[in-house]
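These notes concern the structure reproduced below.
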Amino acid sequence: MRAEFARLLGLQFLIVIVGAALAYLAADLPAVKSIVYGNLVALIGSLLLAWRYGRGQRQSEAAWVLRHAYKTAIERFVWTIFLLTLGFKFLGLSPSWLLVGFVMGQAAWLFAPIWMKLRTQYDK
């Protein structure tokens with residue numbers, strides 16, 4: 001796994017812990033479970049992207065890469081819907097706290113690459 005993905009996944013895991021601690025201080029244990037689950041849904045999506053990226057590194061054919069990029073986007077969307085539905089309906093987690101956890105995890109996934117790029121530019 002590339003160092004960037006390892007840092008991103010580490011940051012998302014750190015956000016899981018911080019979010020759970022803040023939810024425990026602000027709310028109750030069911031809220032903590034919901035936030036952790038929502039963060040883990042985002043983390044699983046990131047793991048899927050990292051795994052697919054690693055598999056795609058060995059390919060040089062543009063059509064293959066594009067086909068798998070679309071396939072990965074669809075798989076990630078389907079897995080996210082499945083896992084969120086599982087949390088909402090079957091595990092009975094709090095929908096609002098679950099979505100807060102998911103958005104926190106996604107925000108890390110969106111902003112961490114920008115932050116890492118800015119950090120490497122200023123380190124030079």
Side-chain angles (χ1 to χ4, degrees):
M1 182 179 304
R2 292 178 52 143
E4 297 89 23
F5 285 120
R7 279 190 228 122
L8 174 61
L9 295 174
L11 178 64
Q12 281 186 301
F13 189 71
L14 180 66
I15 287 175
V16 170
I17 293 169
V18 170
L22 291 175
Y24 186 71
L25 293 174
D28 54 357
L29 192 58
V32 173
K33 290 178 184 178
S34 297
I35 281 192
V36 168
Y37 185 83
N39 268 298
L40 289 177
V41 170
L43 187 65
I44 289 170
S46 296
L47 286 171
L48 179 65
L49 284 174
W51 176 63
R52 287 290 187 179
Y53 182 79
R55 289 188 63 205
Q57 288 291 91
R58 296 180 288 246
Q59 296 292 327
S60 60
E61 186 180 330
W64 187 92
V65 172
L66 184 61
R67 188 171 51 249
H68 283 304
Y70 283 121
K71 180 180 176 182
T72 301
I74 292 169
E75 283 177 349
R76 188 168 182 242
F77 183 74
V78 168
W79 272 109
T80 300
I81 295 296
F82 172 75
L83 291 172
L84 289 176
T85 302
L86 180 72
F88 289 142
K89 296 291 182 190
F90 298 109
L91 298 178
L93 299 173
S94 170
S96 58
W97 286 108
L98 194 150
L99 287 176
V100 165
F102 179 70
V103 168
M104 286 170 50
Q106 285 298 103
W109 182 80
L110 290 172
F111 294 120
I114 296 168
W115 175 72
M116 285 188 275
K117 184 169 178 89
L118 289 174
R119 194 185 78 194
T120 57
Q121 284 180 348
Y122 291 116
D123 287 342
K124 291 180 180 179

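Between the CG atom of Asn39 and the CE atom of Met104 there is a distance of 5.0 Å, given to the nearest 0.5 Å. Within the model, atoms CG of Leu91 and OG1 of Thr85 stand 11.0 Å from one another, a figure rounded to the nearest 0.5 Å. Atom CG of Leu49 is separated from atom OG1 of Thr72 by 7.0 Å, given to the nearest 0.5 angstrom.
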- Item | Trace of the side-chain contact (heavy atoms from CB on, under 4.5 Å) decision for Leu66 with Tyr70 | CA-CA 6 Å; Leu66 184 61; Tyr70 283 121; 3.6 Å; yes

- Run the side-chain contact (heavy atoms from CB on, under 4.5 Å) check on Arg52 and Glu75 step by step: do they pass? CA-CA 11 Å; Arg52 287 290 187 179; Glu75 283 177 349; 2.7 Å; yes

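Atom CZ of Phe88 is surrounded by more than 12 heavy atoms from other residues, nucleotides or ligands within 6.0 Å. Heavy atoms of other residues, nucleotides or ligands lying less than 6.0 angstrom from CH2 of Trp79 number 12 at most.
Taking hydrophobic clusters as Ile, Leu, Val, Met, Phe, Trp and Tyr residues chained together by side-chain heavy-atom distances below 4.5 Å, Tyr37 shares a cluster with Ile44. In this structure, Phe82 is not a member of the same hydrophobic cluster as Leu43, with clusters built from ILVMFWY side-chain heavy atoms closer than 4.5 Å. One hydrophobic cluster, built from ILVMFWY side chains closer than 4.5 Å, cannot hold both Ile81 and Phe102; they sit in different ones. One hydrophobic cluster, built from ILVMFWY side chains closer than 4.5 Å, holds both Leu99 and Leu93. Under a hydrophobic clustering in which Ile, Leu, Val, Met, Phe, Trp and Tyr are joined whenever their side-chain heavy atoms come within less than 4.5 Å, directly or via other members, Leu83 and Val32 fall into different clusters.
The minimum heavy-atom distance linking Ala42 with Gln106 is given by the pair CB-OE1, 3.6 Å. Contact between Ser34 and Ser94 at its shortest, heavy atoms only, is OG-N, 2.9 Å. The minimum heavy-atom distance linking Ala20 with Ile35 is given by the pair N-CG2, 4.2 Å.
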